[in-house]
Amino acid sequence: MATSFLASLFFTLWALLISPAISLTCSSQKFTKNQVYSNCLDLPSLASYLHFTYDPSNTTLSVAFISTPSKPGGWISWAINPNATGMAGSQALVAYKNSTTGVAVVHTFDISSYSSIVPKDLSFEVPDKTAETRSDGSLAIFATIKVPANLAAKGTINQVWQVGPGVGEGGMLERHDFAAANLRSKGTLDLKNGQSSTNSGGDTTIKKKNIHGILNTVSWGILFPLGAMIARYIRSFESADPAWFYLHVFCQISAYAIGVAGWGTGLKLGSESSGITYSGHRYIGIALFVLATVQIFALFLRPKKDHKLRFYWNIYHHSFGYAILVLGIINVFKGFNILKPEHKWKSAYMIVIIAMGGISLLLEAITWIVVLKRKSRKSTKPYDGYNNAQSNQQPLAM
C-alpha cells in the first residue's frame with residue numbers, strides 16, 4: 001500500500017511539472033473580445049477571478065467573473081448582496097452551458113434563502129449580461145450593473161461567488177458543496193479603490209464545524225469502539241478483573257460526555273445555517289444521542305450477576321452498544337463527506353479504524369482460545385475427581 005501511494009505521488013508531481021503552465025492570476029487572463037477592465041482580483045477561494053471597472057459618474061459597474069464549475073456541466077455564480085454578507089438574500093448572476101446547444105448562458109437568480117433559489121429579475125438594473133466558455137474549461141460572466149444609490153454612496157458592495165455541480169430540468173441549480181472553500185467565498189468589494197476584503201464569518205463557521213467534527217470523531221468514532229473492545233476482550237482474562245470494568249466505564253462515560261458536546265455544537269451549527277440540512281447525518285446523530293443516553297442509564301440499572309433479569313439486561317446492553325458502534329463509525333464518515341477536510345484526516349481515521357479492526361480480530365482469536373481452555377479445565381476437573389474418588393473408594397462393610 002505504501003509503495004503504491006509513493007508511486008502515485010511521484011507520477012502526480014511529475015505530471016504537474018511537465019504539464020503546460022496555466023494562468024494562476026487575473027493579470028495574465030485575456031478575453032476573446034479584448035475587454036479591458038481597470039481592476040482585477042484573485043479571489044481568495046474556489047480559484048475564481050474578478051475583473052471590474054466602476055464609473056462613479058453614472059454608478060455603473062462592469063464586471064467579468066471567471067471560475068470553473070465543481071463538475072463538468074455545472075454552474076458558476078457571482079452575486080451582490082444588498083443587505084447582508086452571505087449568500088442568503090443575494091442577487092446572483094449564474095452561468096452554465098446549455099445542455100442542448102452547448103453554449104454558455106447567464107441568468108439572474110433571487111436567492112432569498114438557501115431553500116428558495118428561483119430565476120428572477122434582480123432588484124437592480126442589469127443592462128447587459130453574457131457568458132462564454134473559455135479554453136481551459138472555465139466559464140466567464142460579463143455584466144454591466146447599475147449600482148443602487150445607497151450602495152454607490154457607501155462605495156462598497158457585499159460580493160458572493162460560488163460554483164456548483166450541475167443544472168437540472170427547468171434550469172434548477174443543483175446545490176453546491178459546503179466545504180471550507182465554499183463558505184469562504186464572500187467579501188466586501190471596494191468600488192473606488194479596487195480592493196476586496198473578506199470577513200471572518202465564514203472562518204468562524206469553519207472553526208465550529210472543525211470542532212464539531214473532532215469531538216464526534218473522538219467520541220463516537222474512537223472512544224466508544226475502544227470501550228467496546230475492552231469489555232469484549234480484556235474481561236476474558238481473569239487477572240484483568242475488575243480493572244477491565246472500570247476502564248470500560250471510563251471510556252464510555254468519557255465518550256458520552258465528548259459526544260454530547262459534539263452533538264450540541266451540531267445543533268448550534270444547524271440553528272445558524274437556515275436552509276442547510278444534512279438529513280442522514282442529522283438523524284443518525286439524534287439516534288446516537290438517544291441510544292448513548294439509554295446506555296448511561298444502564299450503568300445505574302445493572303442487576304447483579306445472579307439476578308434473574310441479568311440475562312435480559314445483557315441483551316439490551318449489548319444490542320444498544322453494537323448499534324452505537326456501527327452508527328457512530330458510519331456517521332463519522334458522513335461527517336467527513338460533508339466537511340471535506342484535507343484528505344490526510346480521513347486517511348488517518350481510516351488507519352485508526354483498520355488498526356482497531358485488526359487488533360479486534362487478533363484478540364477475538366485469543367479470547368476464544370482462553371475461553372475454550374478454561375471450559376476444558378472446568379469440564380475435566382470434576383470428571384477426574386469423580387474417577388479418583390471411585391478408584392480409591394473402599395467396599396462397604398457388611
Side-chain angles (χ1 to χ4, degrees), residues 1-16 70-71 165 176-183 205-234 247-248 250-252 254-263 265-266 269 276 278-289 291-292 295 318 320-367:
M1 181 181 292
T3 303
S4 60
F5 172 77
L6 290 174
S8 300
L9 180 61
F10 171 78
F11 284 113
T12 300
L13 293 173
W14 177 76
L16 290 173
S70 56
K71 291 183 180 179
H176 62 77
D177 292 332
F178 286 86
N182 300 87
L183 296 176
T205 302
I206 293 167
K207 288 179 182 178
K208 290 180 181 178
K209 283 193 170 188
N210 288 338
I211 292 172
H212 171 72
I214 291 170
L215 291 175
N216 286 292
T217 300
V218 171
S219 60
W220 311 112
I222 296 177
L223 280 179
F224 263 112
L226 181 61
M229 289 173 62
I230 291 171
R232 170 68 179 169
Y233 303 116
I234 307 302
L247 283 173
H248 172 67
F250 173 77
C251 278
Q252 305 306 70
S254 299
Y256 179 74
I258 297 171
V260 169
W263 189 68
T265 59
L269 284 167
I276 305 175
Y278 302 101
S279 299
H281 186 66
R282 178 187 181 190
Y283 294 145
I284 293 177
I286 293 172
L288 283 169
F289 174 74
L291 290 171
Q295 279 289 68
H318 294 163
F320 277 41
Y322 285 119
I324 292 171
L325 180 66
V326 173
L327 290 176
I329 294 174
I330 290 174
N331 221 29
V332 167
F333 280 106
K334 281 185 172 291
F336 277 123
N337 292 335
I338 294 169
L339 188 57
K340 298 186 184 301
E342 292 183 39
H343 186 69
K344 64 181 180 181
W345 297 112
K346 186 175 182 180
S347 299
Y349 179 68
M350 290 179 67
I351 291 171
V352 170
I353 289 299
I354 292 171
M356 293 176 73
I359 293 171
S360 295
L361 288 174
L362 178 62
L363 290 175
E364 186 73 25
I366 295 173
T367 299

- Message: Looking at Gly262, is its backbone amide N or carbonyl O close enough to the side chain of His212 to form a donor-acceptor pair, meaning the two atoms are under 3.5 Å apart?
- Response: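 Checking the backbone N and O of Gly262 against the side chain of His212, a donor-acceptor pair under 3.5 Å is found.
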- Message: Once ring pair (Phe, Tyr, Trp, His ring centres under 6.0 Å) is applied, do any residues pair with Tyr349, and if so which ones, sequence neighbours excluded?
- Response: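 Checked Tyr349 against ring pair (Phe, Tyr, Trp, His ring centres under 6.0 Å); matches are Phe333, Phe336.
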Do [X] and [Y] have side-chain heavy atoms sitting under 4.5 Å apart?
| X | Y | result |
| --- | --- | --- |
| Gln295 | Gln252 | no |
| Ser360 | Tyr233 | yes |
| Ile286 | Trp263 | yes |
| Lys209 | Thr265 | no |

Where [X] and [Y] come nearest, the two heavy atoms and their spacing:
| X | Y | result |
| --- | --- | --- |
| Val332 | Gly221 | CG2-CA, 3.9 Å |
| Pro165 | Ser70 | N-OG, 3.1 Å |
| His248 | Gly227 | ND1-O, 2.8 Å |
| Cys251 | Ile230 | SG-CD1, 3.9 Å |
| Trp220 | Gly328 | CB-CA, 3.9 Å |
| Pro225 | Ile222 | CD-O, 3.2 Å |

Which distance, rounded to the nearest 0.5 Å, do you find between the [atom1] of [X] and the [atom2] of [Y]?
| X | Y | atom1 | atom2 | value |
| --- | --- | --- | --- | --- |
| Asn210 | Leu215 | CG | CG | 11.0 Å |
| Tyr322 | Leu291 | OH | CG | 15.0 Å |
| Phe224 | Ser219 | CZ | OG | 7.0 Å |
| Ile329 | Thr217 | CD1 | OG1 | 11.0 Å |

- Task: Identify, with sequence neighbours excluded, every residue that meets side chain to side chain donor-acceptor pair (under 3.5 Å) alongside His281.
- Result: Asn331
- So the salt bridge (charged side-chain N to carboxylate O under 4.0 Å, His left out) pairs with at least one residue in residues 346-367 (sequence neighbours excluded) are Arg232-Glu364
- Message: Run Asn216 and Ile258 through side chain to side chain contact (heavy atoms under 4.5 Å, CB included) and show every step you take.
- Response: CA-CA 7 Å; Asn216 286 292; Ile258 297 171; over 6 Å; no
